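The analysis underlying the following values was restricted to heavy atoms, covering all of them including side chains, and did not include hydrogens, waters or symmetry mates. Order of appearance sets the numbers: ligands from 1, and atoms from 1 within every ligand. Keep in mind that this is a model prediction, so the values were computed, not measured. This chain uses plain numbering: 1 for the first residue, then up along the sequence.
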Amino acid sequence: MSATPLLELRGIDKSFGPVQVLRDVAFAAYPGEVTALVGDNGAGKSTLVKCISGIYPTDAGQFVFDGRPVSIHSPRDAASLGIEVVYQDLALCDNLDIVQNMFLGREKRSGIVLDEPTMEQMASETLAGLSVRTVKSLRQHVSSLSGGQRQTVAIAKAVLWNSKLVILDEPTAALGVAQTAQVLELVRRLADNGLAVVLISHNMNDVFAVSDRIAALYLGQMVAQVKTTDITHAQVVELITAGRSGGLGLAESATNGNGPAPAGSTTGGVS
Ligand SMILES: Nc1ncnc2c1ncn2[C@@H]1O[C@H](COP(=O)(O)OP(=O)(O)OP(=O)(O)O)[C@@H](O)[C@H]1O
Ligand SMILES: [Mg+2]
C-alpha cells in the first residue's frame with residue numbers, strides 16, 4: 001500500500017445558498033487502492049465528487065494532487081490531471097455504439113474525418129486490458145447492453161484517457177448479483193493496475209469486498225477515514241447513521257443533540 005495520497009483534500013466547505021452541504025471535509029485517495037466513500041442519502045457524497053471533478057466550485061479548502069497544490073475549476077481541469085468520474089446517472093447515449101460512446105466529445109480525427117480504426121483499436125485494447133470479455137461487438141448500440149455491460153463501458157471510457165484517479169458513484173446500484181460481482185472485479189483491477197479508485201456505495205458487502213480504505217461522511221462532515229481491515233461492518237453502519245462509533249468519528253458531545261461539530265483530530269483522520 002502506498003503511503004502518499006494521489007489526491008488529498010483539506011478543509012473543503014461547500015454550500016448551496018444557505019444550506020451547508022460539506023463542512024471542513026478532509027479526504028485522501030491513494031494510488032493502487034480502492035477508497036470507499038460511504039454515507040447516508042444526502043450526506044454529501046455526490047457533491048464532494050462534483051467538487052473534485054470541477055463541476056461545483058468549493059467555498060473553501062485545498063486540493064493537493066501528486067504532492068502539488070492544484071485548483072480545479074472545471075471538468076477540463078480535472079480531466080487534465082487524470083481525474084475521471086463515472087456518475088450515478090450513467091451518461092451513455094443509447095443510440096450510439098460502444099466506440100462512439102467511449103470517444104464522445106473526444107473523437108480521434110484523421111484530417112477532417114473521424115479516425116474510426118484508431119478509435120476501435122483503442123476501445124478494444126482498453127476493454128481487453130480490463131479483461132472485459134462479455135461484450136460481443138464494439139459496434140453494438142449501448143441500448144442493447146445489460147446494466148453490467150453498460151457500467152463496464154462507462155468505466156472503460158473513464159480509464160481510456162490515461163486517468164490516474166477514477167471515481168465511481170454507485171456503479172452497482174442497479175445491478176443483479178452476477179453483474180455486481182463483475183463490476184466489483186473490474187473496480188479491483190483498476191486499483192491493481194495502479195490507479196487510485198474512489199467507490200461510492202451503500203452496499204456494505206461491496207465495500208468490504210473491494211475497498212482498502214473507508215471514508216465516512218455524516219451530514220457533510222468526514223467523520224472517519226480508516227483502513228478497511230481496521231473497522232467492522234457494524235462500526236461503519238454506526239458512523240453512517242450516527243456519525244460516531246466507539247473512538248471513531250464525532251465527539252460524543254457533538255451527537256448529543258448539540259448538532260454536528262468536528263471532533264478535533266479524529267475528524268477525517270487519514271491513517
Ligand atoms: N445543486 C444543489 N442545490 C441545492 N442543494 C443540493 C444540490 N445538490 C445537492 N444538494 C443537497 O446537498 C445534500 C447532499 O446531496 P448529495 O447528492 O451530495 O448526497 P449523497 O450523499 O450523494 O446522497 P445519495 O446517497 O442519496 O446519492 C442534500 O441535502 C442535497 O439535497
Ligand atoms: Mg449521490
Seminar exercise, completed: Near Asp40 (heavy-atom distance under 4.0 Å), the atoms of ligand 1 are 21 (O)

Exercise. Can you find an N/O atom of Ala43 closer than 3.5 Å to an N/O atom of ligand 1?
Worked result: yes

Seminar exercise, completed: Only residue of Thr126, Leu104, Val86 satisfying side-chain contact (heavy atoms from CB on, under 4.5 Å) with Lys157 is Leu104

Exercise. Looking only at side chains, do Gln182 and Thr152 share a donor and an acceptor under 3.5 Å apart?
Worked result: no

Problem set entry | Side-chain H-bond candidate by donor/acceptor type, Glu238 with Ser245, under 3.5 Å | yes

For this session: Show the numbers, then the answer: is there a side chain to side chain contact (heavy atoms under 4.5 Å, CB included) between Leu6 and Tyr30?
Result: CA-CA 5 Å; Leu6 176 68; Tyr30 296 78; over 6 Å; no

Exercise. What residue among Leu165, Val159, Leu160 forms side-chain contact (heavy atoms from CB on, under 4.5 Å) with Ser163?
Worked result: Val159

For this session: Would you give the length of the straight line joining atom CZ of Arg23 to atom CD1 of Ile12, rounded to the nearest 0.5 angstrom?
Result: 14.5 Å

Exercise. Which residue from Ser201, Gly42, Cys51 reaches closest to atom 14 (C) of ligand 1 through any of its heavy atoms?
Worked result: Gly42

For this session: Salt-bridge test for Arg139 and Glu116: reply yes if a basic N is under 4.0 Å from a carboxylate O, no otherwise.
Result: yes

Problem set entry | Ligand-side contact atoms (ligand 1) for residue partner Thr47, heavy atom cut-off under 4.0 Å | 9 (C), 14 (C), 15 (O), 16 (P), 18 (O)

For this session: Select one of side chain, backbone, both or neither to describe which atoms of Ile200 lie under 4.0 Å from any atom of ligand 1, heavy atoms only.
Result: neither

Problem set entry | Any N/O pair Gly44/ligand 1 closer than 3.5 Å | yes

Exercise. Is there any N or O on Phe16 that sits under 3.5 Å from an N or O of ligand 1?
Worked result: no

Problem set entry | His202 to ligand 1, any heavy atom closer than 4.0 Å | yes

For this session: Please could you name the atoms of ligand 1 that Asn41 approaches to less than 4.0 Å, counting only its heavy atoms?
Result: 23 (O), 24 (P), 25 (O), 26 (O)

Exercise. Within Ser46, is some N, O or S atom less than 2.8 Å away from the Mg ion (ligand 2)?
Worked result: yes

